[in-house]
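What follows is a single structure, written as structure tokens, with notes after it.
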Amino acid sequence: MLMGTVVESANKEVNGSVAVKNPTVVFVLGGPGSGKGTQCANIVEHFGYSHLSAGDLLRAEIKSGSENGTMIQNMIKEGKIVPSEVTIKLLQRAMQENGNDKFLIDGFPRNEENRAAFEEVTKIEPAFVLFFDCSEEEMERRLLSRNQGREDDNIETIRKRFKVFLESSLPVIEHYTTREKVRKIDAGKSVEEVFESVKAVFTPKEEKAD
Ligand SMILES: Nc1ncnc2c1ncn2[C@@H]1O[C@H](COP(=O)(O)OP(=O)(O)OP(=O)(O)O)[C@@H](O)[C@H]1O
Ligand SMILES: Nc1ccn([C@@H]2O[C@H](COP(=O)(O)O)[C@@H](O)[C@H]2O)c(=O)n1
Ligand SMILES: [Mg+2]
């Protein structure tokens, strides 16, 4: 009973949902097709995190018929980054509705504006950043055979997404590298081999010693 009271007072009720006040957040970054979504599904299964993909939330917003839908659709088709306020609102709402206290935030922050705005609005610092490092050649191969009907999985948009990744997203990874928050994974291997490296990052030190 006492524990319940303490936890409730540390949380905040928003629109009928209880938002956890200080959740653990791991940013999952890497180029388009590096395997972020695939590995997040494995992490959810083994480590109890909830997976929030910024791209999936934006695609759901288009489908919902929201007033921002057309703008988001055009940005995604061009491989451009949607204004931070839109994406952050979607992420905040998803976190509030979820109620878990551990989140994998996949594909965010995508640029310095995303990063600074998220920090300013939510006051959340990531526990660490999981970075999937993969060659463009391999990412291109994976995206062209993904077959999920994504409008941005065509060679023209893929090239634009690679350019945005190099110019806008890599500086975010550099920002966190200087703060010793980046856990870099060689993502060019098989799904199983990549997950072995991921597991080592999420397994507590004391369990590794066993
Ligand atoms: N290690 C791997 N080896 C081979 N194929 C993989 C590997 N990881 C993922 N894939 C496949 O590559 C494609 C892209 O993977 P995924 O959707 O996880 O990437 P992503 O980083 O989330 O991409 P995006 O940024 O476009 O959302 C999928 O078809 C997936 O099944
Ligand atoms: N922070 C973000 C994340 C994504 N986008 C847009 O969505 C596209 C697809 O993202 P995936 O992570 O699913 O590959 C991406 O190319 C951007 O257009 C965004 O704007 N901001
Ligand atoms: Mg993805």
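In each ligand, atom 1 is the first atom listed, and ligand 1 is the first ligand listed.
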Taking K102 for its side chain and F47 for its backbone only, find out whether a donor-acceptor pair lies under 3.5 Å. yes

Is the backbone of H175 close enough, under 3.5 Å, to the side chain of T178 for a donor and an acceptor to pair up by distance? yes

Are any non-hydrogen side-chain atoms of R115 and F27 less than 4.5 angstrom apart? no

For atom 14 (O) of ligand 2, which of the options R150, K36, K160 provides the nearest non-hydrogen atom? R150

By number and element, which atoms of ligand 2 are closer than 4.0 Å to a non-hydrogen atom of F108? 1 (N)

Subset of ligand 2 atoms that lie under 4.0 Å from at least one heavy atom of D152: 9 (C)

Donor-acceptor pair, distance only, cut-off 3.5 Å: does the side chain of R142 make one with the backbone of S34? yes

Students should be able to answer this: which protein heavy-atom is nearest to atom 20 (O) of ligand 2, and at what distance? V82 N, 2.6 Å

Check whether any side-chain N or O of T157 sits under 3.5 Å from a backbone N or O of K77 as a donor-acceptor pair, and report yes or no. yes

For ligand 2, which atoms, with element, lie under 4.0 Å from some heavy atom of A54? 1 (N), 3 (C)

I'd like to know whether NZ of K181 has more than 12 heavy-atom contacts from other residues, nucleotides or ligands below 6.0 angstrom. yes

Look at atom 17 (C) of ligand 2 and say which protein heavy atom is nearest, naming residue and atom and giving the distance to 0.1 Å. K80 O, 3.3 Å

Short list, please: which atoms of ligand 2 are under 4.0 Å from a heavy atom of R161? 14 (O)

So among K36, H51, Q39, which one has a side chain to side chain donor-acceptor pair (under 3.5 Å) with D106? H51

R183 side chain vs F128 backbone, donor-acceptor pair below 3.5 Å: no

At what distance is the nearest protein heavy atom to atom 7 (O) of ligand 2, and which residue and atom is it? I76 CG1, 3.6 Å

Heavy-atom nearest neighbour in the protein, as seen from atom 10 (O) of ligand 2, with distance rounded to 0.1 Å: R110 NH2, 3.2 Å

Starting from atom 6 (C) of ligand 2, which protein heavy atom do you reach first, and at what distance in Å? L58 CD1, 3.7 Å

Around atom 2 (C) of ligand 2, find the nearest protein heavy atom and jot down its residue, atom name and distance. G107 O, 3.5 Å

Under 3.5 Å: donor-acceptor pair, side chain of E207, backbone of P204: no

E138 and S135 side chains, donor-acceptor separation under 3.5 Å: no

One finds that the ligand 2 atoms under 4.0 Å from a non-hydrogen atom of I81 are 20 (O), 21 (N)

May I ask you to check whether N114 has an N/O atom sitting below 3.5 Å from an N/O atom of ligand 2? yes

Can you name the residues that come within less than 4.0 Å of ligand 1, going by heavy atoms only? G31, P32, G33, S34, G35, K36, G37, T38, R142, L143, R146, R150, R161, K189, S190, V191

Should we count CD of E119 as having more than 12 external heavy atoms under 6.0 Å? yes

For G55, the atoms of ligand 2 under 4.0 Å from one of its heavy atoms are 10 (O), 13 (O)

List the steps, then state whether ring-ring contact (aromatic ring centres under 6.0 Å, His included) holds for F202 with Y49. CA-CA 11 Å; F202 281 86; Y49 279 75; 5.3 Å; yes

In Å and rounded to the nearest 0.5 Å, what is the NZ to CG distance from K184 to L29? 13.5 Å

The protein heavy atom nearest to atom 13 (O) of ligand 2 is R59 NH2, 2.9 Å

